Amino acid sequence: MKSNMKRLSSYTLIATALLGLAACNRGDGNFDATGTFEATEILVSSEANGKIMELNIEEGDRLDAGAMVGYIDSTQLYLKKMQLSAGLRSVDIRKPDIRKQIAALEQQIATARTEQQRMENLVKAKAGNQKQVDDIVNNIKYLQKQLDAQYSTLNKTTGGADAEAESILYQIMQLDDQLQKSRIVTPQAGTVLVKYAEPGEVTAAGKPLYKIADTDLLYLRAYITADQLSTLKQGQTVRVFADYGVDEQREYPGTITWISDKSEFTPKGIQTKDERANLVYAIKIAVKNDGYLKIGQYGETVFE
């Protein structure tokens, strides 16, 4: 019996030693900071009001930047645009043709000037009457005033029509913008994390439709002590580790992209190299994802 107890005790010691060795091989306790992986997430919201006609995405889908994934009902906007376009054509039709409308007066003035020249020649030849010349000159002045007045009126009418047309054009541009915003377009490449809406639902401007994140580049948000702060800088290369199961661990190269300039209390569940430290500084380490890293996964880092 005593012999069996001794053997069992020996096996327990050996197993404990092996577990300790495995832990050491995984890097447990040899890290400089720990944290969780996160990504740059974008909440894509509706920019228009109305019924969602299409939303062709599912959670986990990979989307390209600028991809149109659906649209919101824009029938009324389109009809309004057609109405304004018709009004624009109507304004253009109503604009006066200035050259044609003043052509008759210009012809009368030209004829009067020819007659004036003829009468002046007759007066010089002692065959005409000066009063006839004066009457023609006065008539030309009267016709010129009529021409100027008509030209001014036509210019004002044309200017008013141009202003009205410009106003309609701005309204059409506003509708074009609203029609553009009725299209649901992905702002950047990424993976759909959450889908908040479905086709057939009525949405409103600002209401979330789905959330995407660029999972090709993840960030390990870790926390360091004040002593470590003086040894780190942005752009510095570090080693990042992620655990996969009990015995598997992957190492990744990482780059420090951000160091907080304000201290905070150590977040719950986060370990630091100095467990006595209460105040820590957050850092972000960019890590290229090979497909195994996941958002929210724990990671460790060792500074070079």
Side-chain angles (χ1 to χ4, degrees), residues 45-54 65-188 202-207:
S45 300
S46 173
E47 294 186 272
N49 302 323
K51 180 186 290 187
I52 301 174
M53 305 304 292
E54 286 186 14
M68 179 178 171
V69 297
Y71 69 94
I72 297 168
D73 184 21
S74 58
T75 303
Q76 295 302 316
L77 293 175
Y78 177 76
L79 292 176
K80 181 65 175 177
K81 179 182 177 180
M82 293 298 99
Q83 181 183 5
L84 289 173
S85 298
L88 187 62
R89 292 193 296 272
S90 175
V91 170
D92 186 63
I93 293 172
R94 294 200 312 267
K95 287 175 61 176
D97 189 333
I98 296 178
R99 296 309 312 170
K100 288 184 178 180
Q101 295 199 30
I102 65 174
L105 276 174
E106 287 181 332
Q107 183 61 44
Q108 292 181 48
I109 292 173
T111 301
R113 291 188 187 283
T114 302
E115 183 63 18
Q116 176 189 356
Q117 184 65 44
R118 188 179 70 81
M119 290 304 300
E120 287 177 347
N121 291 335
L122 289 175
V123 169
K124 290 178 182 179
K126 306 298 182 178
N129 189 325
Q130 181 62 40
K131 184 178 181 304
Q132 290 178 307
V133 175
D134 295 339
D135 289 342
I136 295 174
V137 171
N138 291 331
N139 185 47
I140 291 175
K141 291 180 179 179
Y142 174 74
L143 291 174
Q144 186 63 51
K145 289 181 179 179
Q146 280 188 316
L147 178 63
D148 294 341
Q150 187 172 5
Y151 194 77
S152 176
T153 300
L154 293 173
N155 272 337
K156 289 180 179 179
T157 302
T158 301
D162 289 340
E164 184 179 353
E166 185 178 6
S167 175
I168 294 176
L169 281 173
Y170 282 127
Q171 294 179 63
I172 292 176
M173 290 170 64
Q174 289 177 335
L175 287 173
D176 284 337
D177 180 65
Q178 293 177 35
L179 287 168
Q180 180 69 23
K181 290 178 178 177
S182 296
R183 303 167 68 246
I184 304 172
V185 178
T186 300
Q188 74 165 40
V202 176
T203 187
K207 187 176 180 180

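Quantities reported herein were computed from a predicted structural model and do not represent experimental measurements.
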With a 4.5 Å cut-off on side-chain heavy atoms, are K95 and D92 touching? yes
R113 vs Q117 side-chain heavy atoms within contact, under 4.5 Å: no
Between A112 and N139 the two heavy atoms that sit nearest each other are CB-ND2, 4.5 Å
Do I184 and I72 have side-chain heavy atoms sitting under 4.5 Å apart? yes
Indicate the atoms forming the closest heavy-atom contact of I98 with Y151, along with that distance. CG2-CE1, 3.7 Å
Any donor-acceptor N/O pair, S46 side chain to A48 backbone, under 3.5 Å: yes
Correct closest heavy-atom pair for V202 and K207 would be O-NZ, 3.6 Å
May I ask you to test the L175-Q171 pair for a side-chain heavy-atom distance under 4.5 Å? no
M82, CE: over 12 other non-hydrogen atoms inside 6.0 angstrom: yes
Within this structure, what is the CG-NZ distance for the pair D73 and K51, rounded to the nearest 0.5 Å? 7.5 Å
Verdict with reasoning, K156 to T153, per side-chain contact (heavy atoms from CB on, under 4.5 Å): CA-CA 5 Å; K156 289 180 179 179; T153 300; 5.9 Å; no
Kindly compute the distance separating CD (E164) from CG (L88), expressed to the nearest 0.5 Å. 9.0 Å
Point-to-point distance, once rounded to the nearest 0.5 Å, from CG of L122 to NZ of K124: 11.0 Å
Say whether, by atom type as modelled, one donor and one acceptor occur between the side chain of S85 and the main chain of K81 under 3.5 angstrom. yes
Between OG1 on residue T111 and CD on residue E106, distance to nearest 0.5 Å: 11.5 Å
Starting from the C-alpha separation in whole Å, work towards a yes-or-no answer on side-chain contact (heavy atoms from CB on, under 4.5 Å) for V69 and V185. CA-CA 6 Å; V69 297; V185 178; over 6 Å; no
Under 3.5 Å, is there a donor-acceptor pair linking the side chains of R94 and S90? yes
Scan side-chain atoms only and decide if Q101 and D97 contain a donor-acceptor pair under the 3.5 Å cut-off. no
Among side-chain atoms of Q144 and D148, is any donor-acceptor pair under 3.5 angstrom? yes
Checking I140 against V137 for the side-chain contact (heavy atoms from CB on, under 4.5 Å) test, could you report, in this order, the C-alpha distance in whole Å, the side-chain angles of both residues, the deciding distance, and whether it holds? CA-CA 5 Å; I140 291 175; V137 171; 5.6 Å; no
Do Q116 and E120 have side-chain atoms, one donor and one acceptor, less than 3.5 Å apart? yes
Please tell me whether Q146 and Y142 have a donor and an acceptor in their side chains that are separated by less than 3.5 angstrom. yes
Set out, in order, the CA-CA distance, both residues' side-chain angles and the distance that settles side-chain contact (heavy atoms from CB on, under 4.5 Å) for I168 and V91, then state yes or no. CA-CA 10 Å; I168 294 176; V91 170; 4.1 Å; yes
Hey, could you give me the CD/NZ distance between Q178 and K80, rounded to the nearest 0.5 Å? 10.5 Å
Between N49 (side chain) and A205 (backbone), is there a donor-acceptor pair under 3.5 Å? yes
Separation between OG1 (T157) and CD (Q150), nearest 0.5 Å, reads 10.0 Å
